[in-house]
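Notes for the one structure printed next.
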Amino acid sequence: MNAMSDWSLVIHGGAGSIERHRLTEEQDSGARAGLTLALGVGSAILRDGGDALDAVEAAVRVLEEDTHFNAGRGAAFSSDGSIELDAAIMDGRTRAAGSVAGITATRSPVGLARRVMEASPHVLLSGDGAERFAREQGLATAEPGWFETTERRRQLDEMLARNVDAFDVDMKYGTVGAVARDRAGHLAAATSTGGVTGKRWGRIGDSPLIGAGTHADDRSSAVSCTGSGEFFIRIGVGHEIAARIRMLGEGPQIAADAVMAEVRALGGTGGVIVTGPHGEAIWSFTTPGMYRARATAAGVREVAVYGDE
Ligand code: ASP
């Protein structure tokens with residue numbers, strides 16, 4: 001098969017203290033089922049010759065609707081009991097990008113990010129303005145209650161009761177993301193999140209920041225991140241991986257491992273998923289586990305949760 005006809009897809013549902021003894025059977029099997037569904041939806045698009053951009057959006061939309069993950073429905077609560085969602089999407093063909101931060105009423109933040117990319121002259125919209133744009137575009141809305149789950153409320157209550165900060169607790173990041181290479185050789189990335197439990201003051205993480213939590217460039221890589229966002233922002237993880245591949249000639253795995261080592265060295269934790277220009281489909285993480293899955297035209301089909309899988 002012509003190498004340029006290969007497609008590949010990698011998705012994640014967050015990284016963190018994801019170990020067998022910490023997850024209930026339902027959390028384990030529910031997350032795997034969600035990943036399997038999202039992988040199937042995204043790979044069907046790529047197999048049929050569809051765009052990487054459509055595949056990553058579709059896969060992330062599935063995970064946004066799944067309460068096992070910290071994005072859309074089932075997102076983490078901010079300290080004031082609200083839910084503020086961030087998302088981004090990027091097209092490696094043109095490096096067009098769209099992202100949103102602090103979303104409270106649009107059902108699919110990644111869908112809104114795509115609309116920002118395609119129907120506005122801007123890259124990043126936030127808060128009320130982003131919601132106004134969503135209404136103007138006729139996108140589906142959701143009541144705040146629709147995003148809420150009792151498990152995420154419990155996590156916030158526990159954090160407030162212990163009087164600790166978002167990063168002091170045993171973190172299980174649950175951000176979702178997808179990266180793909182389509183049969184035409186184009187790359188795309190998308191990420192969606194509720195951020196971190198107990199966040200304050202309008203905090204925005206790495207996920208909606210192009211070049212940090214989300215990045216795609218046909219010349220090098222598509223990257224979606226999960227983890228302690230502040231570190232990913234400071235390093236510019238998505239762009240840094242791309243730059244190493246493009247300018248140092250490293251392969252995606254070596255570049256991703258090197259940049260995750262930098263995250264760790266600064267004190268951050270988390271993981272990345274990457275697709276490369278030749279269909280490479282890889283991940284790298286510093287945490288005990290990461291919800292992840294990948295599929296390629298070559299027949300790879302893998303769903304994994306723990307580090308030793
Ligand atoms: N990276 C996200 C943030 O800092 C959190 C996550 O990955 O779950 O907002």
Side-chain angles (χ1 to χ4, degrees), residues 10-18 27 31 34-35 60 63-64 66-79 82-88 99-104 109-110 113 124 126 147 149 151-152 155-156 159 165-179 189-215 223-241 259-260 263-264 266-274 283-292 305:
V10 192
I11 62 175
H12 72 79
S17 320
I18 300 164
Q27 285 170 326
L35 291 168
V60 167
L63 298 171
E64 282 179 337
D66 188 324
T67 55
H68 292 92
F69 305 103
N70 168 19
R73 192 163 199 210
F77 281 84
S78 300
S79 66
S82 66
I83 287 185
E84 300 162 299
L85 306 163
D86 301 338
S99 64
V100 290
I103 295 305
T104 55
V110 76
L124 172 55
S126 69
F147 296 113
T149 57
E151 172 59 14
R152 294 289 182 196
Q155 290 170 2
L156 174 66
M159 184 177 292
D165 204 56
F167 290 107
D168 296 334
V169 290
D170 165 37
M171 289 303 296
K172 284 190 200 63
Y173 303 104
T175 290
V176 309
V179 292
T191 313
S192 185
T193 188
V196 290
T197 302
K199 66 186 184 183
R200 292 178 287 172
W201 310 308
R203 181 265 188 191
I204 295 168
D206 59 314
S207 310
L209 301 185
I210 299 302
T214 306
H215 188 258
V223 180
S224 173
C225 304
T226 176
S228 43
E230 279 68 7
F231 295 92
F232 286 71
I233 295 170
R234 288 163 56 201
I235 291 173
V237 167
H239 189 269
E240 187 74 1
I241 290 173
V259 177
M260 286 313 299
V263 170
R264 190 204 292 265
L266 290 194
T269 60
V272 291
I273 52 171
V274 185
W283 45 62
S284 180
F285 51 98
T286 68
T287 46
M290 177 170 172
Y291 297 112
R292 61 202 188 277
V305 173

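Residue numbers count from 1 along this sequence. Counting starts at 1 for both ligands and their atoms, in listed order.
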When you measure from [atom] to each heavy atom in [options], which option holds the nearest one?
atom: atom 2 (C) of ligand 1; options: Gly205, Gly229, Gly227; value: Gly227
atom: atom 9 (O) of ligand 1; options: His12, Arg203, Lys199; value: Arg203
atom: atom 1 (N) of ligand 1; options: Asp206, Val196, Thr175; value: Asp206

Worksheet item: Looking at ligand 1, does Gly14 have a heavy atom less than 4.0 Å from it?
Response: no
Quick check: do [X] and [Y] have side-chain heavy atoms less than 4.5 Å from each other?
X: Leu63; Y: His12; result: no
X: Arg203; Y: Glu84; result: no
X: Leu266; Y: Arg234; result: yes
X: Val272; Y: Phe285; result: no

Discussion item. Taking 4.0 angstrom as the limit and counting only heavy atoms of Thr226, give me the atoms of ligand 1 inside it, by number and element.
Written reply: 6 (C), 7 (O), 8 (O)
Practice prompt. State the atoms of ligand 1, each with its element, that fall below the 4.0 Å cut-off from a heavy-atom position in Gly174.
Written response: 8 (O)
Discussion item. Under a 3.5 Å threshold, yes or no: a donor from one side chain and an acceptor from the other, between Ser207 and Thr191?
Written reply: no
